[in-house]
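We use all heavy atoms of the structure for the numbers below, so side chains are in, but hydrogens, waters and symmetry mates are not.
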Amino acid sequence: MFEWYMIRATGLVAYLLLYLSVIIGLYSQVQKKRKQKVTASLFLHESLSNWTLYLVLGHVGFLLIDSYISLQWLEVLIPFNTDYKPWPMALGALSLYFLIMTIVTSNARKKIGYQKWRKLHALNPVLYIFVTIHGLLIGTDIQAAVLAGVNILPLILLGGMLMRDRPKVGITH
């Protein structure tokens with residue numbers, strides 16, 4: 001039972017940290033458009049992303065030692081290489097790769113150039129969508145309606161903040 005609880009706990013906390021990282025990253029963009037300092041929020045954004053990776057690695061580790069499911073390395077790390085819920089497991093593995101790519105390219109931002117980094121970072125909604133679907137399909141801890149509300153409300157608020165900062169376009173006759 002310990003492994004089951006740890007699989008759930010590391011997965012849920014990793015998802016929460018990823019969620020907070022996304023919200024703070026979006027908020028940083030709003031602040032940047034307002035010509036505000038974003039140093040502290042970007043540091044928090046990156047720190048949360050790093051901690052998300054650590055917890056995901058723990059999540060994978062607990063999956064590997066769980067005696068009830070008995071997954072092997074290749075089943076966990078290669079998408080569609082398992083008989084245990086192949087689609088959700090594949091989305092989990094792909095999410096891990098997206099997360100690693102995001103952190104590695106963010107740390108190498110100066111070396112790869114800002115434009116390349118920005119294009120790669122623009123793929124992060126795919127990561128978030130994959131993780132969300134993974135959790136919905138494989139877990140029993142999160143109800144779809146609660147998850148939808150938790151995800152939609154902050155995006156509406158951030159969208160409102162962005163719209164408020166848009167320049168007004170007047171119609172003249």
| said: Trp51: which residues meet the ring-ring contact (aromatic ring centres under 6.0 Å, His included) condition with it, sequence neighbours left out? | reply: Tyr54
| side chain to side chain contact (heavy atoms under 4.5 Å, CB included) with Glu3: which residues, sequence neighbours excluded? | Ile65, Asp66
List the atom pairs, with distances to 0.1 Å, where a side-chain N or O of residues 79-102 and a protein N or O form a donor-acceptor pair under 3.5 Å, not counting sequence neighbours.
from, atom 1, to, atom 2, distance (Å)
Asn81, ND2, Leu74, O, 3.2
Thr82, OG1, Glu75, OE2, 3.3
Thr82, OG1, Tyr84, N, 3.1
Ser95, OG, Leu91, O, 2.6
Ser95, OG, Val131, N, 3.4
Tyr97, OH, Leu77, O, 2.1
Thr102, OG1, Phe98, O, 2.8
Thr102, OG1, Asn124, OD1, 2.6

| Who pairs with Tyr114 by ring-ring contact (aromatic ring centres under 6.0 Å, His included), at least two apart in sequence or on another chain? | Trp117
| query | Taking only residues two or more places apart in sequence or in another chain, which ones pass side chain to side chain contact (heavy atoms under 4.5 Å, CB included) with Gln115? | reply | none
| field | Qualifying salt bridge (Lys or Arg N to Asp or Glu O under 4.0 Å) pairs with a residue from residues 90-102, counting only residues at least two apart or across chains | value | none
| field | Single-linkage hydrophobic cluster, 4.5 Å side-chain cutoff, Leu42 and Leu18 together | value | no
| note | By side chain to side chain donor-acceptor pair (under 3.5 Å), Arg118 pairs with (sequence neighbours left out) none
| query | Can you find a pair of side-chain heavy atoms, one from His59 and one from Leu55, that are under 4.5 Å apart? | reply | no
| With sequence neighbours excluded, residues passing side chain to side chain contact (heavy atoms under 4.5 Å, CB included) with Ser41 | Ile24, Ser28, Val38
| note | Contacts of Thr105 meeting side chain to side chain donor-acceptor pair (under 3.5 Å) (sequence neighbours excluded), chain-then-number -> none
| field | salt bridge (Lys or Arg N to Asp or Glu O under 4.0 Å): pairs with one or both residues in residues 93-115, sequence neighbours excluded | value | Glu46-Arg109
| So if you build clusters from Ile, Leu, Val, Met, Phe, Trp, Tyr with side-chain heavy-atom gaps below 4.5 Å, do Phe43 and Leu53 land together? | no
| task | Show your working on side chain to side chain contact (heavy atoms under 4.5 Å, CB included) between Trp4 and Phe62 and close with a plain yes or no. | result | CA-CA 8 Å; Trp4 185 85; Phe62 283 112; over 6 Å; no
| note | Gln72 meets the side chain to side chain donor-acceptor pair (under 3.5 Å) criterion, sequence neighbours left out, with none
| said: Quick check for you: to the nearest 0.5 Å, what is the distance between Ser70 atom OG and Leu63 atom CG? | reply: 11.5 Å
| note | Value for CD1 (Ile138) from CD1 (Ile133), rounded to nearest 0.5 Å, stands at 13.0 Å
| task | Verify the cluster assignment for Phe130 and Ile78: are they in a single hydrophobic cluster under the rule of side-chain heavy atoms below 4.5 Å apart? | result | no
| Backbone N/O of Leu48 and side chain of Ser21: donor-acceptor pair under 3.5 Å | no
| field | Aromatic plane relationship, His45 with His121 - under 30° parallel, 30 to 60° tilted, over 60° perpendicular | value | perpendicular
